Amino acid sequence: SSMTGRATTWSYRQLHRIATRMALGMTALGVSPGDVVSFQLPNWWHVTALYLACTRIGATLNPLMPIFRQRELRFMLAFAETKLLLIPREFRGFDYPAMLRELRPELPALKHVLVVDGPGEDAFEAVLLNPRWEDRLDAGTLFAERQPGPNDISELIYTSGTTGQPKGVMHTSNTILGNIERIIAQVGATQDDVILMASPLAHNTGFLYGVVMAIMLHTKLVLQDVWNPVVAAQRIQDEGVTWTMASTPFLADFTSNPEVERYDVRTLRTFVTAGAPIPRVLVQAAMEKFKGLRVLSGWGMSENGLVTTTLPGDPPEKVFGTDGRPFPGMEVRVVDDAGRPLPRGTEGRLQARGSANFVGY
């Protein structure tokens with residue numbers, strides 16, 4: 001992690017052991033099926049372990065952006081009735097434990113706040129990571145009792161709330177895994193891919209197409225906690241990164257920074273970009289500069305993940321002029337204010353439905 005000045009590498013076997021231990025530790029703290037576990041962490045390995053741990057015991061994971069402060073957290077933690085929260089001791093010079101000390105009197109449901117790299121007895125390491133919970137508790141029985149169903153709520157993620165208070169979007173394993181399985185097929189990702197994720201893991205871009213997609217493909221995931229195109233180029237060269245997804249400004253930074261040229265980034269072959277239209281000149285510049293790179297465009301929301309993408313092999317004008325086509329299992333249409341479908345080429349309201357749709361606010 002670039003902010004802590006150190007890199008942590010886990011194999012899947014180690015991750016399995018850590019997630020099992022964390023899951024057992026959380027049950028010892030009183031986390032029950034359906035309880036909300038929130039994290040306000042940068043792109044650190046803890047997020048992957050926490051997701052796996054929550055799914056072992058039927059808890060609901062709630063990602064919170066590291067930039068949120070008292071105003072957002074006061075609402076979000078109370079509304080979700082978060083029982084356990086993971087925070088950094090410090091990130092980008094901000095003191096998270098001090099903020100939570102101020103908020104906690106207003107949050108009666110919040111039983112535990114654990115601090116990653118914390119100094120005291122509420123350190124994440126002291127409570128969940130270091131104790132050998134697997135020696136104290138019967139994992140087989142506990143996990144069998146708590147195993148969630150495919151339609152239980154596994155993720156609660158807040159929308160940005162452009163119209164009033166943020167809304168809590170509820171996803172199940174079916175809506176998440178069904179989406180990713182089909183996106184993998186649509187964009188041609190395979191288990192030989194190496195994924196770089198610099199988009200926040202507290203957004204569905206980072207969470208779905210970084211954390212969960214890597215697990216589904218059993219592939220290597222490289223996390224970057226602070227965006228810097230030169231650091232990204234370094235990681236791509238060192239780790240053999242082949243696949244990434246980010247918003248358009250990431251691609252613009254990566255393409256325009258002359259320092260990037262000092263690194264061999266030829267392994268990178270897929271850059272999926274969503275969140276803003278891709279300027280034609282950017283697509284052309286990226287494909288000229290990085291030979292063999294496919295830029296794919298897509299559209300989606302917290303409510304349904306990626307819904308449409310262009311396909312590998314689509315001509316550049318499809319990439320900068322459209323958001324592609326829906327993946328199998330999703331439908332989109334454009335309607336007027338009365339909900340009547342409109343003919344092609346007519347502007348209106350976009351509707352989407354299908355297997356990746358969230359199950360409610």
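These numbers come from a predicted model, not from an experiment. For the numbers below, each heavy atom of this structure counts, side chains included, while hydrogens, waters and symmetry mates do not.
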Taking only residues two or more places apart in sequence, or in another chain, which ones meet [X] in a salt bridge (Lys or Arg N to Asp or Glu O under 4.0 Å)?
X	value
Glu239	Lys220
Lys289	Glu261
Asp238	none
Arg101	none

Could you tell me the separation between the [atom1] atom of [X] and the [atom2] atom of [Y], rounded to the nearest 0.5 Å?
X	Y	atom1	atom2	value
Met216	Ile184	CE	CD1	5.0 Å
Gln224	Gln234	CD	CD	9.5 Å
Ile176	Asn304	CD1	CG	12.5 Å
Phe320	Ile278	CZ	CD1	10.0 Å
Gln147	Asp152	CD	CG	10.0 Å
Arg340	Arg333	CZ	CZ	11.5 Å

Using only atom types and a distance under 3.5 Å, with no angle test, would you say the side chain of [X] pairs donor to acceptor with the backbone of [Y]?
X	Y	value
Ser11	Gln14	yes
Ser297	Thr322	yes
Lys83	Gly30	yes
Ser302	Thr159	no
Thr60	Ile153	yes
Thr242	Arg269	no
Thr82	Val36	no
Gln284	Pro316	no
Tyr96	Gln40	no
Asn179	Ser355	no

*Does the distance from a Lys or Arg side-chain N to an Asp or Glu carboxylate O, for Arg6 and Asp117, drop under 4.0 Å?*
yes
*So Phe79 and Tyr158, would you call those rings parallel, tilted or perpendicular, with 30° and 60° as cut-offs?*
tilted
Grouping I, L, V, M, F, W and Y whenever their side-chain heavy atoms are under 4.5 Å apart, do [X] and [Y] come out in a common cluster?
X	Y	result
Val265	Met245	no
Phe271	Leu217	no
Leu196	Tyr12	no
Val231	Val222	no

Counting only heavy atoms from other residues, nucleotides and ligands, does the tally under 6.0 Å from [atom1] of [X] exceed 12?
X	atom1	value
Gln70	CD	yes
Arg104	CZ	yes
Arg136	CZ	yes
Glu125	CD	yes
Arg353	CZ	no
Glu181	CD	no
Arg146	CZ	yes

*asked:* Quick check: do Arg89 and Pro119 have side-chain heavy atoms less than 4.5 Å from each other?
replied: yes
*Please examine the side chains of Ile18 and Leu129, heavy atoms only from C-beta on, and report whether any two atoms are closer than 4.5 Å.*
yes
*Set of residues satisfying side chain to side chain donor-acceptor pair (under 3.5 Å) with respect to Glu121, sequence neighbours excluded*: none
The criterion is ring pair (Phe, Tyr, Trp, His ring centres under 6.0 Å); which residues satisfy it with [X], sequence neighbours excluded?
X	result
Phe39	none
Tyr51	Phe207
Trp299	none
Phe124	His46

*According to the salt bridge (charged side-chain N to carboxylate O under 4.0 Å, His left out) rule, which pairs have a member within residues 10-24, sequence neighbours left out?*
Arg21-Glu134
*Members sharing Ile157's hydrophobic cluster (side chains within less than 4.5 Å)*: Val169, Phe358, Tyr361
*Under 6.0 Å between ring centres, would you say that holds for Phe254 and Phe290?*
yes
_For residues 217-252, which residue pairs pass the ring-ring contact (aromatic ring centres under 6.0 Å, His included) check, not counting sequence neighbours?_
Trp227-Phe250
_Test side-chain hydrogen bond (donor to acceptor under 3.5 Å, both in side chains) applied to Ser199 and His203, step by step_ = CA-CA 7 Å; Ser199 299; His203 269 166; over 6 Å; no
*Which one of Thr205, Thr309, Thr248 satisfies the side chain to side chain donor-acceptor pair (under 3.5 Å) criterion with Thr273?*
Thr248
*Per the side-chain contact (heavy atoms from CB on, under 4.5 Å) rule, which among Leu61, Leu77, Leu110 passes with Ser38?*
Leu77
